[in-house]
Participant: 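Take this structure first; my questions come after.
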Amino acid sequence: MASLADDATREEVRRAGLAVEGPLPRLLSLLRTAEETHFDAAEAQRLAVEGGLALGRAELGGMLDTLVAHGLLGQVPTTGGAALYDTILRPHSHMLDEATAMMVDLDVSPETLSAIVAQAIAEQPGRVEVLLRIRAPEKAPEGPAKRGRPRRGG
């Protein structure tokens, strides 16, 4: 029996213009209910298998790409290595501790973020690298067709 979370995810997938048949909605539901909000493809595959979805690596990769392309899953910018996905969709910052491979959400005010960065630089000189990502503006929702200027002549 499908849970309310699964039903809500299916509806969200449908609204994004994707088919609700098949494993895609269930995969998204499994990812969103996982304890960790950040994961790579290998972790996504482990979660899928634990949730009863037998997906090949290529099929899973395609599904993750589709979820990102339709705004149902985020992708954290990385400096190399495997793609890293994020189930938190609102804009927020991240901190990666390479010594522990721990990705931490920094969902804080700009002032607090500045203080965190300044403190990290002061406490660990030469070890802090900042990747500043400036997002593209959000697209305006599509509505009725805009009317252009009337054409001259016939």
Participant: Remaining members of Leu72's ILVMFWY cluster at a side-chain heavy-atom cut-off under 4.5 Å?
Facilitator: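 Via sub-4.5 Å side-chain contacts, Leu72 links to Val13, Leu18, Val20, Leu24, Leu27, Leu28, Leu30, Leu31, Phe39, Leu47, Leu53, Leu55, Leu60, Met63, Leu64, Leu67, Val68, Leu73, Tyr85.
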Participant: Could you tell me which non-hydrogen atom of Arg10 sits nearest to which non-hydrogen atom of Pro25, and how far apart they are?
Facilitator: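 Where Arg10 meets Pro25 most closely, the heavy atoms are CG-CB, 3.7 Å.
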Participant: For residues 103-134, pull every pair meeting ring pair (Phe, Tyr, Trp, His ring centres under 6.0 Å), keeping only residues two or more places apart or in separate chains.
Facilitator: none
Participant: Looking at every heavy atom in both Leu96 and Ala101, which two are closest together, and how far apart are they?
Facilitator: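 Residues Leu96 and Ala101, closest heavy atoms: CD1-C, 4.2 Å.
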Participant: What's the shortest heavy-atom distance between Ser93 and Leu113, and which atoms?
Facilitator: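 That would be OG-CD2, 3.3 Å.
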Participant: For His92, what residues pass the side chain to side chain donor-acceptor pair (under 3.5 Å) criterion, not counting sequence neighbours?
Facilitator: Asp86, His94, Asp105
Participant: What I want to find out is whether Arg15 reaches Glu12 closely enough, with some N-O distance under 4.0 Å, to be called a salt bridge.
Facilitator: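 A salt bridge is absent here (no side-chain N lies under 4.0 Å from a carboxylate O).
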Participant: Quick test of your reading: applying salt bridge (Lys or Arg N to Asp or Glu O under 4.0 Å), list the pairs with at least one residue in residues 108-117, sequence neighbours left out, ordered by first then second residue.
Facilitator: none
Participant: Per the side chain to side chain donor-acceptor pair (under 3.5 Å) rule, what does the pair list look like for residues 56-75, sequence neighbours excluded?
Facilitator: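 Found Gln45-Arg57.
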Participant: Taking only residues at least two apart or on different chains, which pairs with a member in residues 121-134 satisfy side chain to side chain donor-acceptor pair (under 3.5 Å)?
Facilitator: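 Every pair satisfying side chain to side chain donor-acceptor pair (under 3.5 Å) with a residue in residues 121-134: Gln119-Glu123, Gln124-Arg127.
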Participant: Quick check: are there more than 12 heavy atoms from other residues, nucleotides or ligands sitting under 6.0 Å from CD of Glu50?
Facilitator: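 Counting other residues, nucleotides and ligands, CD of Glu50 exceeds 12 neighbours.
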